[in-house]
Amino acid sequence: MISVSGVRGIVGEGLTPEVVMNISQAFGTYCSGGKIVLGRDSRVTGEMLHKAVAAGLTAMGCDILDIGICPTPTTQLAVENSKAAGGVMVTASHNPIEWNGLKLMGADGLFLDAEQGEEVLKIAEAQTFSFKTWDGIGVAVRYTRAIEEHIRAILNLKYVDLERIQTRQFKVVLDCVNGAGANLVPDLLHQFGCQIVQLHCEPSGLFPRNPEPLPENLSEICERVKVENADLGIVVDPDSDRLALISEKGEPIGEEKTLAIAVKHILSHRPGAVVINASTSRMTEDLAEPYGVSVTRTKVGEIHVAKKMREINAVIGGEGNGGVILPDLHLGRDAPLGIALTLQHLTENEMSVSQLSDSLPRYVITKTKIALDQLSAEEALNRIREMYADEDLDFTDGIKIVREKSWIHIRPSNTEPIIRVIAEAPTEKEAQNLCTHVKDKITKPLNN
Ligand code: MG
C-alpha cells in the first residue's frame, strides 16, 4: 500500500525492492539530492530493503547517513541533529513479521504531511527522477552514534532527574519483541540504574509473538513481572514509538495510560497546551482541567498531532496508542521518552505503577467495526449525522459525538472497506452500549 505517509506491505507480495526503490528515487528527487538519514528496524527483510533505499537515494545524488538498526524516533532526532534534508525509516511499525515499509521524514524530522507525500507520489508515478552520472551520485556513510545521542538528549531533559531515578533502583522486565528498541532501551534503563530482566531483547527481527503491544499479546511479560517480583514491565513495538506498561501486579495498564502519565507529569511541572488525536482517551482532558490549559484534538495520525503541537506551541501531546510527544525533545512519538517520564513520575511521587494507574481518571474505550456491504462510507456517515443532529458533533476526522463524560468516534478506514466505531465512557458497559447503538443505526434501515 502506497500512501502519502509512506509505503507498507507484505514483502514478496506487493512490497518488493522495485517498489521501494521507486519511492526512494522519488524521495531523493523531492529532496533535491540533499543528505538523508537512513535507519531501519530489525526486521529480517530490513537489510534487503535498506539496500534498495540506499541505491535509489544515492542514484539521485543524496548522501546517506546510515544509522543502522534503531527506533523510528532516533531517526527523527538524527534528521534534526545532522541538519539533513530528510529521513527514511525502513519499518512496518507494529505490523507482523511478514510486513515491512518506509516512513518518510522531512528536514524538520516530522513525517511528510499529505501535501508533501502527494508530491513524492507524483514524482514516483511520473518517474521524473533526477538521475545523476558517475561524478554526481551520493555516498553512504555509516554513523554509529545516533542511539547514544538520543539517550543523551532524553537524559538532558529538564523533566528527567537521572540521579533521583537511580535511587529507586527499579527492577524492570523489558520486552522489545526482538525489535529495534533492543538497541536502545536496555542502555537507557542501565543509565537509570534499573535492574533489567531482558525478554526478547535481541534485535533479530524474529518476533516471538504478534508485535503490537496490545494487552492480549503481552501475557508472557505479565507473568514474568509477577515471577520476578519486578516493579514494572516495559514493552515497546518493533520501531519503538509505542510504549505499553505492565504494573507490578502483572497487569497491562493499557497504552492510553502511557500518554496520560506523560501528560500528568509534564503538566505538573509546566502547565501549557496539550494536543491529542480524536480517538485518544478523555483522561487527558480530565488531567488538564485543573490547570485550565487547552486540549486540542486532531485527526488520527502522528503528523497531524505533531503539526498542531508546533502551531500552538504545545508542551506535551501524543496519541492514545502509547505514543508520547515532547517538543523539548522532538516532534515525534517516542517510547524511550515515555519510559523516562514514567520512571521520573513514579520516583517523584513515590508511587507504584498500580497506584499511578489507579490515580488516573477512569474510562474504558471499546471498539467495533462495521463492514460496508451495500452502504458507502459517505452514506453511513450521513445517516449518523442525521440521527445525532441534536448532539454536539465534531467533524475533525469522520464524525465524533461528544457528550459530557463520553464520546463515540465514527471513522471510515483508509485501508479497508469498513467503518471503525470507537467509544469511550466511564464504564465498559456504557462504552459497549454506545458502540452497539451506533452500529445498529448504521446497519439497520432508517425507518426501523
Ligand atoms: Mg511503531
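All residue numbers in this chain count up from 1 along the given sequence. In this text, all values refer to a predicted model and were calculated from it rather than measured experimentally. Just so you know, ligand 1 is whichever comes first in the structure, and atom 1 is the first atom listed for that ligand.
With respect to the Mg ion (ligand 1), Asp241 has OD1 as its nearest N, O or S atom. Among heteroatoms of the N, O or S kind in Asp237, OD2 lies nearest the Mg ion (ligand 1). As for Asp239, its N/O/S atom nearest the Mg ion (ligand 1) is the one called OD1.
The CG atom of Leu38 lies 5.5 Å from the CD1 atom of Ile64; values are rounded to the nearest 0.5 Å. In this structure, the separation between CG on Leu184 and CD1 on Ile69 is 13.0 Å, given to the nearest 0.5 Å. Taking OG1 of Thr75 as the start and CD1 of Ile67 as the end, the distance is 3.5 Å to the nearest 0.5 Å.
Metal site remark for the Mg ion (ligand 1): Ser93 contributes an N, O or S atom at a distance under 2.8 Å.
Arg43 contributes a side-chain N or O that, together with a main-chain N or O of Pro96, makes up a donor-acceptor pair within less than 3.5 Å.
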